[in-house]
Structure formats: C-alpha cells, structure tokens
Amino acid sequence: MEIGFLGLGIMGKAMSVNLLKNGFKVTVWNRTLSKCNELVALGASVGETPAEVVKKCKINIAMLSDPAAALSVVFDKDGVLEQICGKCYIDMSTVDPDTSCKISEAITSKGGHFLEAPVSGSKQPAETGQLVILAAGEKALYEEAIPAFNVLGKKSFFLGQVGNGAKMKLVVNVIMGSMMNAFSEGLVLADRSGLNPHDLLDVLDLGAIANPMFRGKGPAMLQDNYSPAFPLKHQQKDMRLALALGDENAVSMPVAAAANEAFKKARSMGLEDLDFSAVFETMKILKHKS
Amino acid sequence: MAQNLIKSGCDVTVWNRTKSKCDPLINLGANYQSSPKEVAANCDVTFAMVADPESAIDVACGKNGVASGMGPGKGYVDISTVDGATSKLINEHIKATGALFLEAPVSGSKKPAEDAQLIFLKAVAPLLDIMGKSRFYFGEVGNGAAMKLLVNMIRGSMMASFSEGILLSKKVGLDPNGLIEVLSQSAISAPMYSHKGPLMVKSLYPTEAPLKHQQKDIRLALALAESVSQSTPVAAAANELFKVAKSYGLGDADSSAVIEALKAKSFSRLDSA
C-alpha cells in the first residue's frame, strides 16, 4: 500500500519510519523539507508540497502540531484540497472538533474521503507502534486504513461521526494534564516536607493510582530531565481546547482550569518546548524578579 | 484487618466505640475489653484504626485511653490517617509511659483490606506482614503520616479530574464507558479508573472508602502544604468539589461520589427544605 505522510515532527517522523520498516511505500512532506532526508535514507519518496503528495498517493496521513497547521496544510495554496478528489485523507493531528469538521466538509465536498484519527501516546509509543488510535468519520476509510493502523498502534477505536475522535482525545488529555499537575504537587510537597520523593514514587506504584505515566516520567522529573516526548505547548493547547469544549457545553471543570493555569505559567517561564512534565518546575521555589 | 490477624492465628483483643461492631470478631474468637485502656493493659502490641485525628487522640490519650494501659515492654501502632502534629502528640503520650510507638498509616481501602493487600509504612513486622502486601520505613514520626496524606491528595485530585472527564465526555456525546476503555489503554491507565469508572457512570457509589475521609485527607494535606508555604492549586480545587459533595450529604458514600458535585443541580432555595 502506498501512503502519503504529511508532517515529520516528533510523532510524524516515528510513525512514517514505522510504516517504512513494515513494508509500506511512503511519500513524505514536511514544511521544512530537510527533515525528509532521514526518511529518504530509509526508502521514502518526497513530495515538495502537500498537493504533490496527495496527487501521488491514494491514502494520505497527516500528523501536524495544532489546528492552524492542520488547516494550512489543507486549505493553503498547493494544499491537500487541490488534489483530493477521489483520494483519502486521514488527519491524525490533535485539533478541536470544529477544525476537524471544517476539514472534513472541505475534503468530502471536493469528492475526497476523510477520517479523523488523533492518537493517544507520545514519542516512544509512536516509535514502537503502540499508539492508541481514536478514529471517527468515514467507516469505509477506517476499514481500509486498518493495515496501517495495526502497524502504527496497539489498539484502534472507531467512534462514529467526525468530531468524536477529536473530542475523545481532548477528554483523555485534559485528565492527563490534571494528573500531571496532581503528581507534581505531590512530589514537590514530599520534598518540602522532608520526605524522599523517590519513596513517594514507590508507594504510588503499588496502589490503585499507579499508572504508566507516573512510573515512566517520575524518575526523570526528579532529575530535572524534561526531554520532550510531548511538548508542554501542545499539552497546554489540549487543555485550552478541552476547557473550551466544557465552556461550550456548560460543564464545570475547576480542576482542569487550575491545571491549565500551571501550564500557562510554565509557558511564561519559557518551558513550552520541554516535555509537559516540566510543569513540575513551576511549583519549585522561584526567585522572585520584579 | 482484625479478621486477618485472627485468621492467621494471632491472639486478638478488640474494642470499638459501638460495642456491637465487635460481635462478628468475637464470634471468630477475639477477646473483648471495654475500653482502649483495658485492651492496652492486656496486650503486648495494640493497633488502632480510627477515622480521624480527633478520634485518634481520644483513643490514645483520652480518659481510659491506650496511654493509661501502656508501659515498658508494650507497643502502640496507630494505623489511622492523621496529620503529623497529631501523630507526634500521641507519640509523646505513649513514650512517656515507657512504651514504644509507631505510626503506620495504610494505603488501600476496604477491598484491599479484605484481600490483605494494604501497603504499610513500617514493620511491626510479622503482624504487619499478615495485614499488608508491602511496607516502608520512613524514619521519624510524622513522615508516615505525611506520606499517606500526599498519596491521598494525589488520589483525590485524580478522582476529581476523572469525574470532570466522565461528565465532559457525556455532555459532548461520547460514551463514557468508551472513555474508560480508552483510558485503560493509555499512559494514564490506573486501576482506580477501571474499578470505579463503570459504577460512577451509573451514578452508583458503594462505599469502599468514605468520601468524608478522602476529604479529611486532602484537608490535612493542604494544611501540610500551607505549613511549608507550598502552593497546591489543583488539590485545592479538588478539595472544593469534595466539600460540595459533603454538603449534598454524600459524606458516607464512596469517595467517587465527588462526581455529583460537578453535576448540574436544579436550583432550589435553602429555606424550602
């Protein structure tokens, strides 16, 4: 199967490498074209524009950083829309439901087929093909994509109409952002109370609130290691989008709102390109500068 | 916990403020004494598992309390979850009698207690090993209490944010059971979510750990944070939700009932009650 792949950031690069290693023919595009070189070395072809990629490939996957990038790749000059008639577009970016619906309408009204398929999982699951795929939209396209999804992920869900995948992803990530804050508050309070935060990690790992995120990120956080698996700016974007969803639907979310404030503070401290676990830094004693 | 000790062959003497609660244990072979003082006087090691700091102080240092029956060669293990100051106060009263003291709050609730899977924080080793699956020693008195509070502070925040997620998923047209399934595959898969989630979706809150105790623990954790000038806004926001749930009369329901605090309620004036 030949697949077009648009967007070679942290996730896109790992995912397209995975597809290549599993025997798929892949044509890649990235806004900064030089990022394609590594994939070319592994056997990928390059498209100079999104339109060029779609022209060549029947099925196209996009993995872009935010709603603005997702829209740009579709609607701009030399974008996906110009060549989409009869072709398939699977947007695996995490965007708000409205952006996803807007893209879906544009694609389908030009005779294309659309599936939204945001993922849960960051760099390492992308590299090892362990993503959780939250698809919604055209069921027939979902079925066609399954061989690729089986390589990219450990489990796929089909959630119905366009928008449902985006919503599910945002709900998962808003819980994750709140949990990272709760975890960070616990760790910093352990330290301030004279306990060993590593002991807290050990106790947490034995009980009902043990989870892979605490287990995986805790030790690195305690060593000030925030090498980005999931950049903080994207996590804060997801908090913002989820809170907007809550806002539109009159759902009370005070804990998420408090967590979002911490992520905003982290951005203001210049931590936005670090892993989202860097929100931990906002809770440590800071030197006040006026 | 007392049942586990009896079943493994220990010679157990029990006391409870409401005597009738002792009957099932007496039927299993426990002895009974009419006050904490008498229990302490008749036993080598006395364990206490009570609801809150006030009860812990009363049982240990009150009239006919444990301290009155303590002496050299005896030990007192307080397994209750209290704040560090309460623990230190009890420690002083017990040590003044010549006896030994240990604070040993536990992590885990009713089901793990029945399954002998509580996590302990220091060994009165063979006895604790009967009741728990794992134990840690954290040094001076106060540290075990603090560790327990931190775990429960995180737990309360997680339960509150999980509640927000369930309600948001429902409101935007997703199946909340689908959310629970997705979570179970994700990096934030925690046993608590898959265990409590399905019941919460059905608005069922059978009590494994009472909400009022979860709120007590967050309150104590916030006080600890305040004592070291540490800001904890997420825990504070979660605490407000537990307070609201308590005000709805849900203190004795499971701590997962905090989700009710987020639900839309129909407006009615207080004075119409």
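In what follows, chains are A, B, ... by sequence order, proteins preceding strands, each numbered from 1.
- Within a 6.0 Å radius of NZ in A:Lys13, other residues, nucleotides and ligands contribute 12 heavy atoms or fewer.
- Residue A:Asn196 touches chain B through its backbone alone, counting heavy-atom pairs closer than 4.5 Å.
- Against chain B, the residues from residues 114-135 of chain A that qualify, each with a non-hydrogen atom under 4.5 angstrom away, are A:Ser120, A:Val132, A:Leu134 in number order.
- Contact annotation for A:Lys217: neither backbone nor side-chain heavy atoms come within less than 4.5 Å of a heavy atom of chain B.
- In terms of non-hydrogen atom pairs under 4.5 Å with chain A, the most contact-rich of B:Val182, B:Leu183, B:Leu262 is B:Val182.
- Between the side chain of A:Lys154 and the main chain of B:Gln185, a donor-acceptor pair closer than 3.5 Å is present.
- For the options A:Met213, A:Lys167, A:Met283, A:Arg215, heavy-atom pairs under 4.5 Å to chain B are most numerous at A:Lys167.
- Residues B:Lys263 and A:Ser252 have side chains not in contact (no heavy-atom distance under 4.5 Å, counting atoms from C-beta outward).
- Interface remark: A:Ile175 contributes backbone and side-chain atoms alike to the contact with chain B (heavy atom separation under 4.5 Å).
- Applying a 4.5 Å heavy-atom cutoff, the residues of residues 154-166 of chain B that approach chain A are B:Ile154, B:Arg155, B:Ser157, B:Met158, B:Ala160, B:Ser161, B:Phe162, B:Glu164, B:Gly165.
- Interface summary for chain A: among B:Lys196, B:Glu181, B:Met153, B:Gln230, the most heavy-atom pairs under 4.5 angstrom belong to B:Gln230.
- Contact residues of residues 218-237 of chain A toward chain B are absent (heavy-atom distance under 4.5 Å).
- Considering only heavy-atom pairs separated by less than 4.5 Å from chain A, the leading option among B:Ser189, B:Ser231, B:Gly178 is B:Ser189.
- Using a 4.5 Å heavy-atom cut-off against chain A, the contacting residues of residues 240-254 of chain B are B:Leu241.
- In B:Glu226, the CD atom is not crowded: 12 or fewer heavy atoms of neighbouring residues, nucleotides or ligands sit closer than 6.0 Å.
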